[in-house]
Structure formats: structure tokens, C-alpha cells
Chemist: 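This is the structure I want to talk about, given as C-alpha cells.
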2 protein chains.
Amino acid sequence: MSLQHILLGLLAQPASGYDLKQAFQQRLSHYWAAELAQIYPALKRMQRDGLLTSRQQASDKGPRKRIYRRTAAGQRCLQQWLQSGPEVHSDRLSWLAQVAFLDTVPVAEQLDFFRLLQAEFERHRAQLQTIAADWSAQDPDCPEHLGGNDLFAHMTLRLGVTKYTTIIDWCSECLQRLEHADAKQAGSDHPTAS
Amino acid sequence: MSLQHILLGLLAQPASGYDLKQAFQQRLSHYWAAELAQIYPALKRMQRDGLLTSRQQASDKGPRKRIYRRTAAGQRCLQQWLQSGPEVHSDRLSWLAQVAFLDTVPVAEQLDFFRLLQAEFERHRAQLQTIAADWSAQDPDCPEHLGGNDLFAHMTLRLGVTKYTTIIDWCSECLQRLEHADAKQAGSDHPTAS
DNA sequence: CAGGTCATGTAATAAGTTACATGATTAA
DNA sequence: TTAATCATGTAACTTATTACATGACCTG
């Protein structure tokens, strides 16, 4: 159950469930998502288990918040997660499963599929590049000399960009292969007048 | 619910639940996993919904199997899935979330983490490369002239290899950055005798 | 006859999503 | 005053994992 550990990680600063949801969107959106309906019960459970404490606090805007903070046990739990080595589960990439069965639709739709996929990942990459640009605008010699959490945040950002680039390039390659195969096919069906 | 659609895709040839589990391991393992405990009920439900038919059949080895095959409705359902465009959900890469919080452990463990991660993905890549090698051993001019389902199977294989390579290279980069940052840190703590 | 693989299932639990319900505060 | 945002939660449902139960058949 990684959600618990991720919440502990995000709680380096005390925060409410609502704050944490925003942190997910801002910091982890391209590799983890969580709904409020999942976050609130998780926080409650973690408090019950002694990993967190909470107290209510007036907000600058809107109603009172319930602010959570890690206990010493919460700290330990986070450390253990990180010290237990990387958690690599098998991915669930349904779009890639779709590719595996794409031979059951006509070529025109195969091409559409890859074009849509490429556009989708170009959007994803653009989002990350915007973040990266903001970052280096604020701090000119950015990739160097980053310390503490910023270093790791930058690493995850960088992997995101290169991973999306890998997929975008692969889409181009697939499109070329399909066009090539399609041309050969058309050639044998309808040989030129010669 | 992609599992249903993936099962439909795998059922290009009639197969039993047990056969399908093996197909998952052999064909989709690096981007989708499914347990028998998930497959059997899914097949039952799909038959109830008219997407599949089944009949019992003696096996060459072991007890009788229940062989499933797609109905016309099942075919249509698969086509619709593919024609509805790529299904891109946000990934859940807990190891990447771990990286995001790695500033809370000592440098030595940060290094260990990336070394383990790199080794893990090197294993993954090696698996795929074995498959790719078998493939081109059987068929010398393999990447060219592939048609039908083989073309798409080859595409997914290729993405797997390049994606793992991207991650492996990124690990090297991260290790370098950490060693560099650590050297600077050590330098300021313990300046050389000069 | 013991251990392995083939083969099919159920039960209990965990994790995640969608929909619903409530209410405060603030800016237009 | 009305829409947006802030804020917290519950209920129902779907999806996925782990553990358990059963039994046929085959090899040594």
C-alpha cells in the first residue's frame, strides 16, 4: 500500500487532506494519482495507527482545516519504505495492450490510433517542460547545485520528459512502419500500370 | 475495465482460462498482469454478457479444460475498444514516488536505491532482449516484412527495450549527480590539507 | 505413492473510482 | 445572490491480490 507511504512523504510539511490532494496534482501527477475520497479515509486510518496526529485550524480562506503531521512512528515508517529498496510492480498500460491487438482493425484506424497516442504524450511532455521552464527561469543555473528535495524533484521531472520523448519517438517509428507496410500492400494489390 | 478487452484480444484463438494466464505471462507481462483468480470470474461474466461462448474439452495433459471463444458481440466489443482511441490512465510508479522522497534518507542509501533500481530494470530489459533474440534467430530479416499481429507484437517489444534503456540511463545519470553532490558536500566538510 | 504441473474455482481482503452529501467563504 | 473555490466526508461499486480448496493426470 504505497498511498500511505506517499502521504507520509508529502507530510514533510504539515498539511490537510485537501492540501495533499493538490500536492499530488502538482508534484506527482505524472506517476501517481489519488482522489480525496481515498485520501481522507487513509489519513484517518493512519492517525488511528499512530503514524499521524491532527488538529483543527482556521484557514486563511474557507472553513477550518484538519492539519495532519507525522509522528516519530510515521517518520520511521517512511524511512523503512525507502530503505526496503525500490518497489517495482508491473505496469498496467492499457494503451500498450491496445497496440498488441491493433491488427484486428483497418490500417486507417491503426494510423489514427498512433497519431492520437503521440498527441496525448506530446501534451504530457509539454506540461512537464512548462514546469521545467518555470523552474530554470526562477533559478538560472538550475540543474547544477540543486540540493535536498529539489534534486530528487528534478530527477523525477527529467525522467518524465525523457520517457515521454521515448514514447513519442516510438510512435513516429510505428507510423512509419505502418505507412511502409501499407504502401507495399497497396503495391501488390494494385500494381502500377507498367 | 481493460481486462475484459484484453481477454477478448487474446481470444483470437479459442483458449481456456489457464491458457490465457500463460498468454499474459508470455505476451503482456511487461505491461499487464492478471491472476487466475481474476481471469476465471471475468470469463464467466463475459459469457453471461454474451461476449463469449464456452465448451468443455479434454486436454492432452491433465483434466478437461473449458475452452472459450469470442462471439460476434465479443468481436464488436474489442473493435470498439480499439476504435475509441488510446486509453491513457496515469501510471502508478511507486518507485518513482520513492525517488521523490529520497532526500529523507542518508546518501549511502540513496546510492543503494538507484543501484538496485538499475539492476532491476536491467533484468527486465534482458528478458525482453532474450525474446527479441529468439525472434530474430527464427526469422533472420525480422524487423522488416513483419505482417499481421507480429508487427504489433514487435512494436510493443521494441518500446519495452527502449523504455527500460531510458530508465537505466537515467539511473546512471542520477548516480553521477549524487556522487558529484556528495563529493562537493564532503569537500566543504573536510577541506583538503592544502 | 509422492511431487509437479494442469486445471478450475471461491472467499476474504485491499485498493481505487464515482457519485453523493454537506457546508463555509469569497469574489463577481 | 450566485457561482467558484475551499473543505471534509460517506456509500456504493469496481478492480485486483492473496489465500484457500479441490481434484485430475503424469513422472520418477
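A, B, ... follow the sequence lines: proteins, then strands. Residue 1 opens every chain.
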Chemist: Between B:Asp91 and A:Arg92, does any NZ, NE, NH1 or NH2 come within less than 4.0 Å of an OD or OE carboxylate oxygen?
Modeler: no

Chemist: Are the side chains of B:Lys163 and B:Arg125 in touch, meaning some heavy atoms are under 4.5 Å apart?
Modeler: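 Sidechains of B:Arg125 and B:Lys163: no contact.
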
Chemist: Can you check the B:Met1 CE to C:dT17 C1' distance for me, whole Å?
Modeler: 13 Å

Chemist: Which nucleotide wins on minimum distance to the side chain of A:Lys65, given the candidates C:dA7, D:dA16, D:dT8?
Modeler: D:dT8

Chemist: So if I take every side-chain heavy atom of B:Arg64 and compare against D:dA16, D:dT17, D:dA24, which nucleotide ends up nearest?
Modeler: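 Nearest listed nucleotide: D:dA24.
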
Chemist: With the side chain of A:Asp19 defined as its heavy atoms from C-beta on, choose the nearest nucleotide among C:dG9, D:dA7, D:dT8.
Modeler: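 For A:Asp19, the side-chain atoms sit closest to D:dA7.
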
Chemist: Taking atom C1' of C:dA15 as reference, at what distance in whole Å does atom CE of A:Met46 sit?
Modeler: 15 Å

Chemist: Hey, is the side chain of A:Arg66 poking within less than 4.0 Å of OP1 or OP2 on D:dC6, counting only N and O atoms?
Modeler: no

Chemist: Give a yes/no on whether any side-chain N or O of A:Gln38 is located under 4.0 angstrom from OP1 or OP2 of C:dA15.
Modeler: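 No, because none of the side-chain N or O atoms of A:Gln38 sits under 4.0 Å from OP1 or OP2 of C:dA15.
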
Chemist: For B:Phe114 and B:Trp170, take the angle between the two ring planes, folded into 0 to 90°, and tell me which bin it lands in: parallel under 30, tilted 30 to 60, perpendicular over 60.
Modeler: perpendicular

Chemist: Which whole-number value in Å describes the distance from B:Glu87 CD to C:dT17 P?
Modeler: 13 Å

Chemist: Using only side-chain N and O atoms of B:Lys44, determine if any of them is under 4.0 Å from OP1 or OP2 of C:dT10.
Modeler: yes

Chemist: Nearest to the side chain of B:Gln22 - C:dT10, C:dC6, D:dT10?
Modeler: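 So the nucleotide nearest the side chain must be C:dC6.
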
Chemist: Among D:dA16, C:dG16, C:dT18, which is the nearest nucleotide to the side chain of A:Glu35?
Modeler: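 So the nucleotide nearest the side chain must be C:dT18.
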
Chemist: Just to confirm, is there a sub-4.0 Å distance from OP1 or OP2 of D:dC6 to any side-chain nitrogen or oxygen of A:Tyr18?
Modeler: yes

Chemist: Could you state the atom-to-atom distance from CG of A:Leu36 to C1' of D:dA11 in whole Å?
Modeler: 16 Å

Chemist: At 4.0 Å (heavy atoms only), tell me whether A:Arg45 reaches a base, stays on the sugar-phosphate, or touches nothing.
Modeler: nothing

Chemist: Take atom CD1 of A:Ile67 and atom P of D:dC6, then tell me their distance rounded to the nearest Å.
Modeler: 14 Å

Chemist: Can you find a pair of side-chain heavy atoms, one from B:Leu82 and one from A:Leu102, that are under 4.5 Å apart?
Modeler: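 B:Leu82 vs A:Leu102: side chains touch.
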
Chemist: CZ of A:Phe24 versus C1' of C:dA15: gap in Å, rounded?
Modeler: 13 Å

Chemist: Roughly, in whole Å, what's the span from CD1 in B:Ile39 to P in D:dT17?
Modeler: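 B:Ile39 atom CD1 is separated from D:dT17 atom P by 11 Å.
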
Chemist: Parallel under 30°, tilted from 30 to 60°, perpendicular over 60°: which one fits the rings of A:Trp81 and B:Phe101?
Modeler: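 Correct class here is tilted.
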
Chemist: Which part of the nucleic acid does A:Ala37 contact within heavy-atom distance under 4.0 Å: base, sugar-phosphate only, or nothing?
Modeler: base

Chemist: Do A:Gln118 and A:Ser172 make a side-chain contact, defined as non-hydrogen atoms from C-beta onward lying under 4.5 Å apart?
Modeler: yes

Chemist: To the nearest Å, how far apart are A:Tyr40 OH and D:dA11 P?
Modeler: 16 Å

Chemist: Of the nucleotides C:dT17, C:dT8, D:dG9, which one has an atom closest to the side chain of A:Tyr68?
Modeler: D:dG9

Chemist: Considering heavy-atom distances to DNA chain C, does B:Ser16 or A:Leu3 have its closest nucleotide positioned more toward the 5' end?
Modeler: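 Of the two residues, B:Ser16 wins.
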
